[in-house]
Amino acid sequence: MSILRDLATTIESRKGTDPESSWTAKLLAKGPEKCAEKFGEEAVEAIIEAVKGDQDKLTAEAADVLYHLLVMLAARDVALDDVLAELARRQGLSGIAEKAARPKG
């Protein structure tokens, strides 16, 4: 998980920097909505490769999905550690029970 933490740290460091200096800075400068849109595009590309069954392409697309997820989270000031804490909270729970316990709405 250290690679994800390192990547999240790098993404955070790009906030407010010159959009011409990095792809991450450019995405963040476009705002949370654009970051979410890009994450969605990458997720669809990963789904397509999963259906096709090409492991190498799926691996590459999965890496893109993780990167763009972290960018989207950063755009909304959601820390990776908060997401990891939520996963830890759910660990050992039945997925059905966990979903049933979520607030409605």
Side-chain angles (χ1 to χ4, degrees):
M1 289 307 256
S2 68
I3 189 71
L4 288 178
R5 281 196 172 97
D6 291 349
L7 182 56
T9 299
T10 298
I11 290 166
E12 279 295 321
S13 76
R14 298 296 195 270
K15 282 184 170 182
T17 61
D18 180 9
E20 297 305 313
S21 67
S22 79
W23 174 248
T24 301
K26 188 176 282 196
L27 279 174
L28 290 168
K30 291 181 180 182
E33 295 82 6
K34 184 63 177 177
C35 294
E37 179 185 321
K38 188 63 180 163
F39 169 72
E41 290 171 10
E42 296 299 336
V44 169
E45 289 173 12
I47 291 165
I48 291 167
E49 295 308 330
V51 170
K52 288 181 179 178
D54 185 321
Q55 289 185 332
D56 291 338
K57 287 184 180 176
L58 176 56
T59 298
E61 292 300 337
D64 288 347
V65 168
L66 290 174
Y67 163 77
H68 284 90
L69 173 61
L70 293 176
V71 171
M72 181 179 67
L73 292 173
R76 287 293 187 198
D77 296 318
V78 175
L80 174 61
D81 283 341
D82 293 342
V83 175
L84 296 175
E86 177 61 14
L87 286 172
R89 184 191 70 76
R90 294 179 185 187
Q91 191 171 8
L93 293 176
S94 156
I96 294 170
E98 189 281 326
K99 191 168 184 175
R102 290 183 193 173
K104 306 290 186 246

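Hydrogens, waters and symmetry mates are skipped; everything else that's a heavy atom, side chains included, is used.
Ile47 and Val65 are assigned to two separate hydrophobic clusters, defined by single-linkage of ILVMFWY side chains at heavy-atom distances under 4.5 Å. In the hydrophobic cluster analysis, where Ile, Leu, Val, Met, Phe, Trp and Tyr join through side-chain heavy atoms closer than 4.5 angstrom, Val44 is grouped apart from Val51. By the criterion of side-chain heavy atoms lying less than 4.5 angstrom apart, applied directly or through intervening Ile, Leu, Val, Met, Phe, Trp or Tyr residues, Leu70 is grouped together with Trp23 in one hydrophobic cluster.
For residues 54-67, the set of pairs meeting the side chain to side chain donor-acceptor pair (under 3.5 Å) definition, not counting sequence neighbours, comprises Thr24-Tyr67.
Leu58 shares a hydrophobic cluster with no other residue; no ILVMFWY side chain has heavy atoms under 4.5 Å from its own.
Across Cys35 and Ala75, no two heavy atoms sit closer than the pair SG-CB, 3.9 Å.
Proximity of a side-chain donor or acceptor of Lys15 to a complementary backbone N or O of Leu28 within less than 3.5 Å is not detected.
For the pair His68 and Met72, the minimum side-chain heavy-atom distance is 4.5 Å or more. Put simply, the side chain of Lys38 does not reach to within 4.5 Å of the side chain of Val71, judged on heavy atoms.
Contacts of Asp81 classified as salt bridge (charged side-chain N to carboxylate O under 4.0 Å, His left out), with partners at least two apart in sequence or in another chain: Arg5.
Distance check: Leu27 CG to Glu37 CD gives 10.5 Å after rounding to the nearest 0.5 Å. Interatomic distance, Leu84 CG to Leu4 CG, rounded to the nearest 0.5 Å: 7.5 Å.
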